[in-house]
Amino acid sequence: MEILNPNPRRPDASHPIRALLIEDAAEDAQLVREALASQQDLPIELLHADRLSTGLARLTEGGVDVILLDLVLPDSQGLETLLKVRHHAPRVPVVILTASDDEAVAVQALQQGAQDHLVKASLQTSRHLLGRSIRYAIERHRVERLKDEFVNTVSHELRTPLSTIQEFTGILFDQISGPLTDEQREYLAIIRSNIERLTRMIDNLLDMARIDAGHAVLRKAVTEIEPLVELTVQSIRPLAKNKGIELEVQVPDELPPLYADADKVTQVLINLLSNAIKFTSGPGRVTVSVSEGESDLAFRVADTGIGIAEDDVPKLFEKFSRVQQHAAGDEGTRGTGLGLAISKRLVELHGGRIGVASRLGQGSTFTFTLPKYHETELFHELFQAGIEKAKQQQGRFSIVVLSVQNFQALRARCGAAETARLLNEVEGALRGVVRRRDGGDLVLRWRRGEMVVVLAEADRDGAQAMAARVKRVLEQRPFTVGSETLRLPFLVVTATYPDEGTTELELLRLTERRLQQPAQAKGRIMVVDDEAKIRQLLRQALELQDYDVFTAASGPDALEQLRRQPVDLVLLDLMMPVMDGYEVYHLIKENPKTKEIPVIIVTAKGERKDRQLGINGAAYNYVAKPFEIETLLAKVREVLVQQPVKP
Amino acid sequence: MAEGRKILVVDDEQQLALAVKIRLQSRGYQVSTANDGQQALAAIEAEQPDLVILDVLMPVMDGYSCMREINSRYGRGKIPIIILTARDRMKDLFDLEGIADYVVKPFDHEDLLTRIDRALKQRDAERKAAPPA
């Protein structure tokens, strides 16, 4: 078992501690210099930056042992400053320098990852405090890292013997190695349930360590909500039944598919459900409900239990919170105290939020939201899911692609807005034709003048029959183009899995060849906005101009996608919950992989102009809401021209 | 279905391999085990199993190298391979071509049995369609 070397390097004159001071006030910087100079026994090399951007740039070079950080800087304010520093250099301890003795700020800073805090004024009278803070911060940071490594390693090591115990207990319990008496079975059942408890606790610890270290990865896929909720409820039903608690499920029929990590969402739901049951003494009721909002899907777990005191609510989602640990009544319900903290992190990683409404004695309602995606944003995922299903069932899967002939000419004639309206009309007509086919999935997506229909379980003949019908019906139907009404010529082609191709790329390329249309996109653009309607609008407008568009509903989502595939431009909304645009902007610009990508900020009119975003004072591109589509398109073209599209 | 079918279980955790063996035997399969990729190849040569369950993380020769070696010696997909991978190493699944299926540890034994069943059925269907020369 490898553990990080517990013995730190001792600082001496030839290896001084390199401290980076990020402070804009000259007098305060001088105070720090003098305090450090008076420390004979602590060799420190002091670096100084007077704004955050310079400080972050210096951190990129590496070799800094500790950061002394003033939270109020010309290019960044408050705890946001700390967050940015932590994101940028997660392995360097931070000492916050505060102007006044503000306890609240200090506590928050410590919770957000700072190792210590120091009131600047105290340096006037007690210089040694700075040296002390630095030593403490470095030591504390070292211990934190040791803890993380330990938890990780030990969790892995513990899992293997636990698996073995679990396997053989199962073999005994299932009477594979011989019959058992009732008593023996009962005892084995107790052993099994405790193994499960242990496994859960280790999983929790490991989860938390991974999330803390920033390693948690979401594996998102398109998921049906109803089966997910149903399965989760089923697994918890025995627990509820034992306590005489009624479980109610309210999931509406018509819900859009969920694009999320199903395992993690299930984890959160189970956490909330088991808490609800834990804190409700029978008889009582726990209700699970899902509702659709403008831009998100809300999951609610309401119970008629003991409720939560107002004072306890703020700390509820913190690690090892006392409120969670003192569970009502029985053995085996006390957990690690990490459940809600993990749930919060998992929800936020999806770009969602979690909260609670409760009154002592009257029960609680926990709600978490997840971003809602339109099916056209999930084209790739739905395509993959279709191929997967066909593969598993050893069946076929087809796409039908239709295109308006002479689309380019049409678009030039009508302009962006009118073309979009016309294509919506075509889409409506197409949906009408396809819907008459019984069974099968249906996804429509506009992609540079083409519309793709996905047909599940259709072989080549079936797809071609559908294509023929589509062409016939649409060519007979008159469409409104500007002030005229006329018939449009269509090209319709098909591609079938696995006969004609085995990947999404192959199938789409094949159809492009068959349509004999130039398929080069003018560029790849990522749209980041929490509002589903805006994403739709921008996607449509950009796709019709021959851009390939990717959408993200939150900062974490955008960053994850950017990690996997490069884009030529990012359109970024500033006002987003969970992780706001500023933070996303900084993370993009500070990552060597993505810092060259131009970003256009979408701001609301009247945004505080004094909040600068530029690294080294560089200006940034922006478009103010509400905007005309043409304005945005012009800006996009302008920015892309300055930075040529990479092949 | 399982009668007479031979399965080779390869995992460096001998006790876990034993547990899987006991489970599979209780369903009528004939099972042998190996503890690393090299041993696995020798066992396949000697016993001609109908299916191989292969752990990814092993010393001497890891699961992926072993899988590629099996496919190269006996023809791709001729011997169905089910990979066992730990939950945090899902990134190992960069090459799904060449394996019949994968199972994530810790796994549910019923799930594994279902996948074995499916892989064997698939192999039977392929053999029928294109009988070996």
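No experiment lies behind these values; they were computed from the predicted model shown.
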Validation row: B:L16, A:S163 side chains within 4.5 angstrom (heavy atoms): yes
Backbone N/O of A:G170 and side chain of B:R23: donor-acceptor pair under 3.5 Å: yes
B:Q25/A:I176 under side chain to side chain contact (heavy atoms under 4.5 Å, CB included): CA gap, chis, key distance, verdict: CA-CA 10 Å; B:Q25 279 176 336; A:I176 292 179; over 6 Å; no
Closest heavy-atom pair and its distance - A:I171, B:A19: CD1-O, 3.5 Å
Whether over 12 other heavy atoms sit under 6.0 Å from A:K344 NZ: no
CZ (A:R509) with more than 12 external heavy atoms under 6.0 Å: no
Residues, nucleotides or ligands: over 12 heavy atoms within 6.0 Å of A:Q175 CD: yes
Value rounded to 0.5 Å, distance of CD in A:E167 from CD in B:E13: 12.0 Å
Heavy-atom neighbours of B:Q15 CD exceed 12 at 6.0 Å: no
